[in-house]
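No hydrogens, no waters, no symmetry mates; every other heavy atom, side chains included, goes into these values. Numbers for residues simply follow the sequence, beginning at 1. Note that this is a predicted model, so its numbers are computed, not measured.
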Amino acid sequence: MPTYSIGQAAGLLGVSSETVRRWADGGQLRMARDGGGNRVIDGVSLAGFAKERAAGLHPVPGEVLTSVRNSFAGIVTKVTMDDVIAQVEIQSGPHRLVSVVSREAVEELGIEVGVTATARVKSTHVHIDRPGGRE
């Protein structure tokens with residue numbers, strides 16, 4: 001089972017190392033000591049905590065029925081438009097999302113730099129990369 005240092009866990013969760021330490025000290029995140037005496041978090045525990053922490057962060061309004069499960073709430077950082085098409089960039093935590101939509105949609109939704117928006121992603125082509133190999 002993979003383990004993560006406090007710094008690695010903080011990076012994956014998008015918080016400071018101090019926040020991870022507080023969660024561990026408060027019993028919200030399970031920690032152990034490795035052979036060198038360093039505090040580590042087991043991967044299964046970290047995955048469960050990340051999933052639990054993210055629950056409800058990007059809810060779909062009750063009146064909307066959707067099959068999309070990947071939502072990224074953030075702030076619009078750039079909008080580029082021509083006569084027909086627009087490119088919209090959203091920063092959602094550490095994630096930069098870029099979408100190409102119609103100019104009409106951007107205008108109807110009032111999308112401009114500085115407004116909050118949620119990117120919802122549904123794709124049959126999602127690629128997964130993993131560094132290294134087995135740990």
Side-chain angles (χ1 to χ4, degrees):
M1 166 180 35
T3 59
Y4 296 89
S5 70
I6 290 173
Q8 290 171 319
L12 291 169
L13 295 171
V15 298
S16 71
S17 295
E18 185 55 36
T19 298
V20 172
R21 282 186 196 91
R22 274 196 313 267
W23 284 336
D25 292 342
Q28 295 171 284
L29 196 52
R30 192 175 30 189
M31 290 238 187
R33 299 264 179 194
D34 66 9
N38 299 310
R39 294 172 77 179
V40 293
I41 304 164
D42 74 87
V44 173
S45 173
L46 183 60
F49 181 81
K51 186 174 181 177
E52 179 181 300
R53 186 172 172 268
L57 286 181
H58 307 290
V60 176
E63 67 274 5
V64 176
L65 299 176
T66 182
S67 64
V68 177
R69 298 293 180 255
N70 303 303
S71 300
F72 299 87
I75 188 166
V76 176
T77 57
K78 185 176 180 182
V79 178
T80 308
M81 291 194 289
D82 67 17
D83 291 338
V84 179
I85 296 296
Q87 178 178 307
V88 178
E89 293 185 23
I90 296 175
Q91 191 68 38
S92 176
H95 307 288
R96 175 180 166 257
L97 296 110
V98 179
S99 180
V100 176
V101 296
S102 71
R103 177 187 186 113
E104 178 183 23
V106 167
E107 291 171 348
E108 284 180 5
L109 293 171
I111 295 174
E112 58 187 32
V113 172
V115 302
T116 57
T118 300
R120 298 198 191 280
V121 181
K122 180 164 185 173
S123 175
T124 55
H125 294 90
V126 176
H127 300 266
I128 298 174
D129 296 328
R130 184 170 181 269
R134 291 207 160 277
E135 294 180 10

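Atom CD of E107 has more than 12 heavy atoms from other residues, nucleotides or ligands within 6.0 Å.
R33 approaches V40 most closely through the heavy-atom pair C-CG2, 4.3 Å. A pairwise comparison of heavy atoms in Y4 and G43 identifies CE1-CA, 3.7 Å as the closest pair. When all heavy atoms of I6 and S17 are compared, the pair lying nearest together is CG2-O, 3.5 Å. Shown here for I90 and A117, the closest heavy-atom pair between the two residues is CD1-CB, 4.0 Å. Minimum interatomic distance between L13 and A50 (heavy atoms only, all atoms of both residues): CD2-CB, 3.6 Å. The nearest pair of heavy atoms linking K78 to T80 is CE-OG1, 3.6 Å.
Going from atom CG of L46 over to atom NZ of K51 covers 14.0 Å, rounded to the nearest 0.5 Å. Interatomic distance, I75 CD1 to E89 CD, rounded to the nearest 0.5 Å: 13.0 Å. In this structure, CG in D34 is found 12.0 Å from CZ in R39, a value given to the nearest 0.5 Å. Rounded to the nearest 0.5 Å, atoms CZ (R22) and CD (Q28) are 10.0 Å apart. Taking CD of Q91 as the reference point, atom CZ of F72 lies at 11.5 Å (rounded to 0.5 Å). Distance check: I85 CD1 to E104 CD gives 11.0 Å after rounding to the nearest 0.5 Å.
Looking at S5, its side chain does come within 3.5 Å of a backbone N or O of Q8 through a donor-acceptor pair.
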Begin from the C-alpha positions of T77 and V113 and carry the test side chain to side chain contact (heavy atoms under 4.5 Å, CB included) through to its verdict.
CA-CA 5 Å; T77 57; V113 172; 5.7 Å; no
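Using a 4.5 Å heavy-atom threshold, the side chains of D42 and R30 count as touching. By the 4.5 Å heavy-atom criterion applied to side chains, T3 and I41 are not counted as neighbours.
Both V84 and V100 are part of a single hydrophobic cluster, where members link through side-chain heavy atoms under 4.5 Å apart.
Shown are V121, T118, V88; of these, the side-chain contact (heavy atoms from CB on, under 4.5 Å) with L97 is made only by V121.
Look at D83 and R103 and you find no salt bridge, because none of the NZ, NE, NH1 or NH2 atoms lies under 4.0 Å from a carboxylate O.
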